[in-house]
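Notes follow once the structure below has been shown.
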Amino acid sequence: MATMTMAKALNAALADAMLDDERVVVFGEDVGQLGGVFRITDGLQARFGDKRCFDTPLAEAGIVGFAVGLAMSGLRPVVEMQFDAFAYPAFEQIASHVAKLRNRTRGALSVPIVIRVPYAGGIGGVEHHCDSSEAYYAHTPGLKVVTPATVEDAYSLLREAIADPDPVVFMEPKKLYFASAEADLPARTQPFGRAVVRRPGTDATLVAYGPAVPVALEAAEAAREEGWDLEVVDVRTIVPFDDATVTASVRKTGRCVVIQEAQGFAGVGAEIAARVQERCFHALHAPVLRVSGLDIPYPAPMLEHTHLPGVDRVLDAVARLQWDDQPDARWLTEAGAA
Amino acid sequence: MATMTMAKALNAALADAMLDDERVVVFGEDVGQLGGVFRITDGLQARFGDKRCFDTPLAEAGIVGFAVGLAMSGLRPVVEMQFDAFAYPAFEQIASHVAKLRNRTRGALSVPIVIRVPYAGGIGGVEHHCDSSEAYYAHTPGLKVVTPATVEDAYSLLREAIADPDPVVFMEPKKLYFASAEADLPARTQPFGRAVVRRPGTDATLVAYGPAVPVALEAAEAAREEGWDLEVVDVRTIVPFDDATVTASVRKTGRCVVIQEAQGFAGVGAEIAARVQERCFHALHAPVLRVSGLDIPYPAPMLEHTHLPGVDRVLDAVARLQWDDQPDARWLTEAGAA
Amino acid sequence: MTTTPQAVRRESRRGSRPATTPDPARALMPAGEPVRLLDPDGTPLPAHPDYPEPPVEALVELHRRMVIGRRFDVQATALTKQGRLAVYPSSRGQEACQVGAILALNDDDWVFPTYRESMALVSRGIDPVEVLTLLRGDWHCGYDPAARRTAPQCTPLATQCVHAAGLAYGEAYQGRDTVALAFIGDGATSEGDFHEGVNFAAVFKAPVVYFVQNNRYAISVPLSRQTAAPSLAYKGVGYGVPSEQVDGNDPVAVLAVLTRAVAHARAGHGPFLVEAHTYRMEPHTNADDATRYRDADEVEAWRDRDPVARLETYLRARGALDDAAVAAVAEEAEAYAADLRDRMHDKPTVDPLSLFDHVYAQPTPQLVEQRDQVRAELAAAAEEGDA
Amino acid sequence: MTTTPQAVRRESRRGSRPATTPDPARALMPAGEPVRLLDPDGTPLPAHPDYPEPPVEALVELHRRMVIGRRFDVQATALTKQGRLAVYPSSRGQEACQVGAILALNDDDWVFPTYRESMALVSRGIDPVEVLTLLRGDWHCGYDPAARRTAPQCTPLATQCVHAAGLAYGEAYQGRDTVALAFIGDGATSEGDFHEGVNFAAVFKAPVVYFVQNNRYAISVPLSRQTAAPSLAYKGVGYGVPSEQVDGNDPVAVLAVLTRAVAHARAGHGPFLVEAHTYRMEPHTNADDATRYRDADEVEAWRDRDPVARLETYLRARGALDDAAVAAVAEEAEAYAADLRDRMHDKPTVDPLSLFDHVYAQPTPQLVEQRDQVRAELAAAAEEGDA
Ligand SMILES: Cc1ncc(C[n+]2csc(CCOP(=O)(O)OP(=O)(O)O)c2C)c(N)n1
Ligand SMILES: Cc1ncc(C[n+]2csc(CCOP(=O)(O)OP(=O)(O)O)c2C)c(N)n1
Ligand SMILES: [Mg+2]
Ligand SMILES: [Mg+2]
C-alpha cells in the first residue's frame, strides 16, 4: 500500500504494460521527453527508449490513423489525445475506422488501440480544454468506453484496456489526476462491464461515473445530515454497461439520480436514466432524475462552478424524489382513468 | 397543391431562399453542375450562377470552416455534407467553432450556417453511407438540430434553418428523399421547437423523428388491428426539443414508445425516454420503451432490414406496455416496502 | 496555377542574385512533366535517364492482367445492370495504374486501396467475388485483409493514407521489409488526412508509396477545383518527400516509376509520392450521370490514349506479343468474366444473427440482449411465414 | 530532410537531360534561404532585389510597438505569478513577427490569431485587458471580433486557416478589398486544417496571408518531428501558392516580406505563405517546464538574435532613434504595463446567469428551465450566505 495520485497510477499502468508486452507502444503529442502535459507518460521514453514512447507530428487524425496501421501490423498502440476537444479532429478515424474495422472485416482485422482522453473540467482550464466528450464515443458501436474514478481503477482499467482485444476510449477525469489515495499496485479491480457500489445505502441510488463519482460520494455524505442513506454506484465502464449492478441497486432503493458532468442532452446520463426506468419501473417511487452540466459550451474558469453539477444540485434532485408521496395518488387516478 | 418529392421540396426551399436573400450561398462537393449526388441542389448553379452555388475542394472540415469564415463576412452559407459519415472530418469545426462562436464572443459573432446532412439508411447503401449521426450534434450545445419527415416540413424547416440566426444541422432522411406527397409551396409549417401530432390516438404515444416517422405511422395503422389506438408525435426539431407537445401526449395516453433509426445507446431516443419519464412519471402505466437500430455499425445492404426498427419491432414494444397490469401490484408492494 | 505578375517578376530578379547554397528542395521536386516511356500510339520514346524500361516479361504480364482487369471491370458494370451489384465504380481507362501498382509490389507488401481499386485487387489475385462483396451487399469487406495483405477498400477518402504510414512503420519497426502502397484519387488529396498521412510517413521514414491516380474528376468536380498547383506531385516537397509525375496511361512508364518508388521505400529512404495523369472513362459509378458535367468530346479524346492498346501495340512491335498470345489472353479474360458472372448469379444468404458477431471480440451484454430479441423476431417471422 | 541517394542521383542525371518546358512551379518556390535585411547584430545587408526596405517611419513605429509589446508580454507573465492570470503563452523572442504582421496590414484587414498572439493583438490596439480576458477566465473572447476585425484567439490548432480563407473570400465576394492574415505555428502546420485552409484559399484565390511562426517547438516537440521538409515554406508550391522564408528575428525583413505578401493578396493574386524562422524564448506557457526538453545553451544562442535590440541598433545607426527617443518609448511601455497591472488588479465579477445568454440567439426552452434552476440555486446559496 502506498499513497499515490491517479496520474502516477496511470503512469505505472503504462510502464507495467510496456514491460509485460513488447508490442505496446505509446505515442502522441509531447508524450516523449516532456512526459505529457499531465506527466502521465513521464519517464517512459527514458526507460523504454524512443521507439516505444515517442512524439508525433501535431495531428490527431494522424495519430489515431497511424495507430490503426500499427495495430494492423501487430502492435498495441496506446495514444494520447492532449485534451478532450483536441480529439475531435480524429473523430472520423475513430468512428469510421477504429470502431468499425473488426466488424467490416468479419473479425479478420482487429485494432486493439487505447485512445487516452484527458477529459472534463473542474481545473480552471480555458475553452476547448474541458469538454466532456464521452457520449460521442459511447454512442459509437465498436468502441469500449471506460473511465476510472479511483486510483486503483485507473491502474486496473488501463491495464485491462491495453490487454483488451477491442479498441478502448479511455477517458481520464483531469480533475482527479492529482487526487491521491492508498493503492496497492499492481491492483486488479473488477473487469470491464462491472459497475461497483462505492457506498451502500438504502434510500436512493446515485449513479455516477468518472469526475462525478466524488461528487456523488460527497453528496451521499452530506445527505446523511438530511436523514437520507444513499447508495452510490460507480459505472466505471460506460460501454459495456453493467445493467445488473445498477438495476439491483435501484430495485433495492426504489429511487435513482444519475449524475454526469457532461451537458445533459442526449448524454450518457440519458441512456442510464432510460435504462433504469425500462428495467426498474415497478420498483421506482419517483422518476429517475438526472443531474448534469448545463446544456451550454463549457464556460470560462470563473463560471465553471455554476456549470458543474455539485453537491447542492445533487441534493436538490434527491429532495425531488417525492419522499412523502408513496404510492403516488395521482398515479393511481390517472392509471384508473386510462 | 402539387405532388412532389422531399428532394424537390428541399431544392425549392434552397432556390426560394437564394431568391429572397442575396447573402445565401450554397456549396459543397458536387453541388454545382451535378446538382448534388441526390440532386438537392439541382439547377441552382444554372439559375443563380457559379458564385452563389459552387463546388469546393473535397474536404469537409474545409467546407465547414470556409462557411464559418463566410458567415463572419456576413454571408449565409448553406453547405452540403455528401453523406452522414463524411461529415465526421468536419467534427472539430462543427463542435469547436460552429457550435461555440456565438458563445465564445458573447454574441459579437454569429455563424448562421446550415449544414445539410443526408443521413440514415434504408437505401441499400454501402458502409459509411447510412450512419445516423444526429445524436453527435444534438449533444453539442450551440447547434440546432432539425429533421423533416414530410415534404412540407422539408421545405418549411429548411427555409427556417436558413433564416435562423443560429447554426443549424439539417438532417435529411435519405430514404424519404424520393417519397412524394401533396405539398403547397411555399409551405410554412410549425416553427422550430414545435413537435407535431401526426396521428391522434388514445392508448399510447409513439414519439419519432425523421426516418422513423413513417415507421411509427405505419405501426399505428397496423396496431388498429390489434385494437390499439396509437398517437404519433413527430419531433421535427430535436434541438430545441418540444417538451410540451410530447408531455401532453404521454400524459393523455399514459404509455410511450420512442422510435429512432439510430443505434440506441446514448442516442436521442434515450434523451426523449429520460425526459418523458421525468415529466410524466405519474401518468405512466408502463416504462417508456425504446425501439431503435441495433448497437452495431450500420450493416451491409442485405442485412439492413434486420437492423432497422420496423413495424414489427414497434408493435412488439407496444405489446410490452403492460396493458393488463394497471395499476401494477408489484409496484404497490415494493412502494409499500420502501 | 498562380503565376502572378509578382511571382514572375521575382523569378526574373532572382536570376541575377548571387548564388547562395544549393536549394535542398530541388532533389525532391518532380520533373516538370510526366514521365513517359511510350508515345500514346505505343511507339517507344528514347530511353529515360532515370527510369529504365521494365523487363519484357513483366510487360507481357502487365498486359495480360490489364486485359483481364478490363474484362473484369466491364463484367462488374454489367452486373449492376442485372441487379447483381448495387453499385460499381469502374476504373476503365486506369488499367495501367491499377495493374502497374500491383506488379510493382511483392506479394507480401501491403496495399491500401479505395473503392475504385477493384481491378487492382483482382490483379492481386483476390477472388473477384470476394472483392465484390462490398458492392453486392452481403457484408462489407469480402476478403481477408490480413491474409491478402490488402486493407479493406477504403471509402472515407484519404483516411487510408494514415493507415498506410502506420502499417509501414510498424512493419519496419518489427524488422520486416514490407512496403505499403496507398492508392488515392486526385480529389481526396484535398482532405486533411492525405496531408497528415504523407507527413507522418515522411517524419517516420515509413516505407510507403503514395500513388495518386489523378483521373481529373472527383465525381463531377474537376481538378481545377481541387488544386491551384501546377500538378499534385508538387505536394511532395512540402513534406520532404521525393515525387514524380507519370503518364498514367503509359503502362510501361507507370510500372517503371512505381518500381523505382517501391525500391526507394524498401531501401529505407522513406515515402515516395507518384502522381499518375489518367482519366476515368466511365461515370463515377454506374449510378452517376457524367453527361451532366463533361463533354463526350473530352472522353473521346482520351480513348486515343487507351493504355491497353498502347501496351499491346508496343509489345507486338517488340515481338513480345502476337495474334495468338493476344487471343489467348482475351480468352482467359472471357473465361474469368464468365466464371465471375456464374458465381455472382445467386444471391448469397447471410445469417442475420452474424450482425452481432464482430462488433467486439465478444458481444457485450447489451448485444446479447439485442441478439436474443432479433432471434425472437426471426422466429416469430418464420412462424408467421409457416402459418 | 530526405536527400536520399536516389534523389541525389536523379538530380545529377536530370542536369544532363534536354531542357523541357520551364517548370511552372519554379515561380512559386521560396528562396532556398530566409530573407534577411539586417545582420543579427543590426548591420544592414546589401539591398535585397525583391524586398525593398520599408520606410524609416514604419521601422520606428515597429520598434515602438515591439518595445511596448515585449513589456506587455513580460507583464502578462508576471500576472500569472500573481495569480491574476491562469496561464499565459509568451511570445517573447517573436516580437518582430507579432508586430511586423500587424503593421503590414490595414486597420480593416482581418487577423486570425492563435493563443500565442496576445502581443500582436495589443499591437493592433486592442485593450490588453480585453485580450487577457480569455486567460484571466472571466469569459472566452474578451474583445469584439467584428469591431476589431480580429477573430477570437484560436486554440484548436490550424482551424483558423480555413476561417481565414472563408472570410477573405467572403469579403472579396462582397467587393471589399480586405486581406486576412492567419497566424499559425510550426507544429500546427501538421494538422489537416492547415492543408485544407491553404488549399481552399488557393483554389478560391482568397486574399489570405498565411504566416507561419516557426519557433522550432510545438510545446516540447521539435521541428524535426513536424516535418522532413527542408523548410515549411516549401509547402506552398503544393497548393500553387507562392511562398517565402524570412528571418523571423529580423524585424525589417519580416515587415518587408509581409508587406509584399499582403500586397500580393490584395492585388487579387490569391494567398501567400510566409514562414518566419524564429524562437520562443520562454516556455510554451508559464505552466510548462522547458528545461525538460531543451538546453539552456540553445536558448542563450537565440538571445544574441534579439529582434528588439537588432532593430534598435539599426535605427540608432541610421539616426532614426536616439537615447531620448529610446527612453521615451521605454517610458511609454512602462506606463502601459503599469496601467495594465492596475486594471488587472481586481478580480472581475461575472453574472452566472449570463451563461445562458449566448448559447443561441434566444435561449431554448431547455435553457430557460436550466436558467431558472440556476437562479433558484443562486438564491438558495445567497440565503444560506445571509443566514
Ligand atoms: C470523407 C469523404 N467525403 C466524401 C466522400 C464521397 N465521395 C466518394 S468518392 C468521391 C470523389 C473522390 O474523388 P477522387 O479522390 O478523385 O477519386 P476517384 O473517385 O476519382 O477515383 C466523393 C466525394 C467520401 N467517400 N469520403
Ligand atoms: C487540435 C489541437 N491539438 C492539440 C492542442 C494542444 N496544443 C496547444 S498549443 C500546442 C503546440 C502548438 O505548437 P505550434 O503550432 O508550433 O505553436 P506555438 O505554440 O509554438 O506558437 C499544442 C499541442 C490544441 N490546442 N489543438
Ligand atoms: Mg478522381
Ligand atoms: Mg511552435
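Lettering follows sequence order; numbering is per chain, from 1.
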Can you see which heavy atom on [X] is nearest to which on [Y], and at what distance?
| X | Y | answer |
| --- | --- | --- |
| C:Gly170 | A:Ser73 | CA-OG, 3.3 Å |
| A:Ala61 | C:Glu196 | CB-OE1, 3.3 Å |
| A:Asp166 | C:Val359 | OD1-O, 4.5 Å |
| C:Pro152 | A:Leu109 | CD-CD1, 3.9 Å |
| C:Ala146 | A:Ala108 | CB-O, 4.1 Å |

So for [X], is it side chain, backbone, both, or neither that comes closer than 4.5 Å to the heavy atoms of chain C?
| X | value |
| --- | --- |
| A:Lys144 | both |
| A:Ser110 | neither |
| A:Arg275 | side chain |
| A:Pro57 | both |
| A:Phe54 | side chain |

Most heavy-atom pairs under 4.5 angstrom with chain A, which of C:Asp144, C:Val203, C:Asp193? C:Asp193
Quick one: of C:Cys154, C:Ala164, C:Ala361, C:Gly192, who has the most non-hydrogen atom pairs under 4.5 Å with chain A?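 Highest number of heavy-atom pairs under 4.5 Å: C:Ala361.
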If the condition is side chain to side chain contact (heavy atoms under 4.5 Å, CB included), which residues does C:Thr133 pass it with, not counting sequence neighbours? C:Asp138, C:Trp139
Who are the side chain to side chain contact (heavy atoms under 4.5 Å, CB included) partners of A:Ala95, not counting sequence neighbours? A:Phe91, A:Thr140, B:Tyr88
Tell me every residue that passes side-chain hydrogen bond (donor to acceptor under 3.5 Å, both in side chains) with C:His358, counting only those two or more places apart in sequence or in another chain. none
Answer yes or no: does atom CD of C:Gln362 have more than 12 heavy-atom neighbours from other residues, nucleotides or ligands under 6.0 Å? no
Within a 6.0 Å radius of atom CG on C:Asp107, are there more than 12 heavy atoms belonging to other residues, nucleotides or ligands?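 Atom CG in C:Asp107 is not packed in, count stays at 12 or less.
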Can you check whether A:His97 reaches C:Thr159 side chain to side chain, under 4.5 Å on heavy atoms?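 Counting from C-beta outward, A:His97 and C:Thr159 do come under 4.5 Å.
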Are C:Tyr360 and A:Asn103 packed together at the side-chain level, in the sense that at least one heavy-atom pair is separated by less than 4.5 angstrom? no
How many angstroms lie between [atom1] in [X] and [atom2] in [Y], if you round to the nearest 0.5 Å?
| X | Y | atom1 | atom2 | result |
| --- | --- | --- | --- | --- |
| C:Cys141 | A:Lys100 | SG | NZ | 15.0 Å |
| A:Leu75 | C:Tyr173 | CG | OH | 6.0 Å |
| A:Asp242 | C:Thr364 | CG | OG1 | 12.0 Å |

Please state whether the side chain, the backbone, both or neither of [X] comes within less than 4.5 Å of a heavy atom of chain A.
| X | result |
| --- | --- |
| C:Gln153 | backbone |
| C:Gln174 | side chain |
| C:Leu367 | neither |
| C:Phe112 | side chain |
| C:Asp357 | neither |

Name the option with the most non-hydrogen atom pairs under 4.5 Å to chain C; the candidates are [options].
| options | result |
| --- | --- |
| A:Gly107, A:Pro165, A:Pro112 | A:Gly107 |
| A:Pro240, A:Gly142, A:Ala99 | A:Gly142 |
| A:Asp164, A:Leu143, A:Leu58, A:Asp243 | A:Leu143 |

Run the salt-bridge test on A:Arg279 and C:Glu369 with the 4.0 Å N-O cut-off and return the result as yes or no. yes
Main chain of C:Pro156, side chain of A:Glu92: is a donor-acceptor contact present, judged purely on distance under 3.5 Å?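 No, because the side chain of A:Glu92 does not come within donor-acceptor range (under 3.5 Å) of the backbone of C:Pro156.
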Close contacts, residues 62-72 of chain A versus chain C, judged by heavy atoms under 4.5 Å: A:Gly62, A:Ile63, A:Gly65, A:Phe66, A:Val68, A:Gly69, A:Leu70, A:Met72
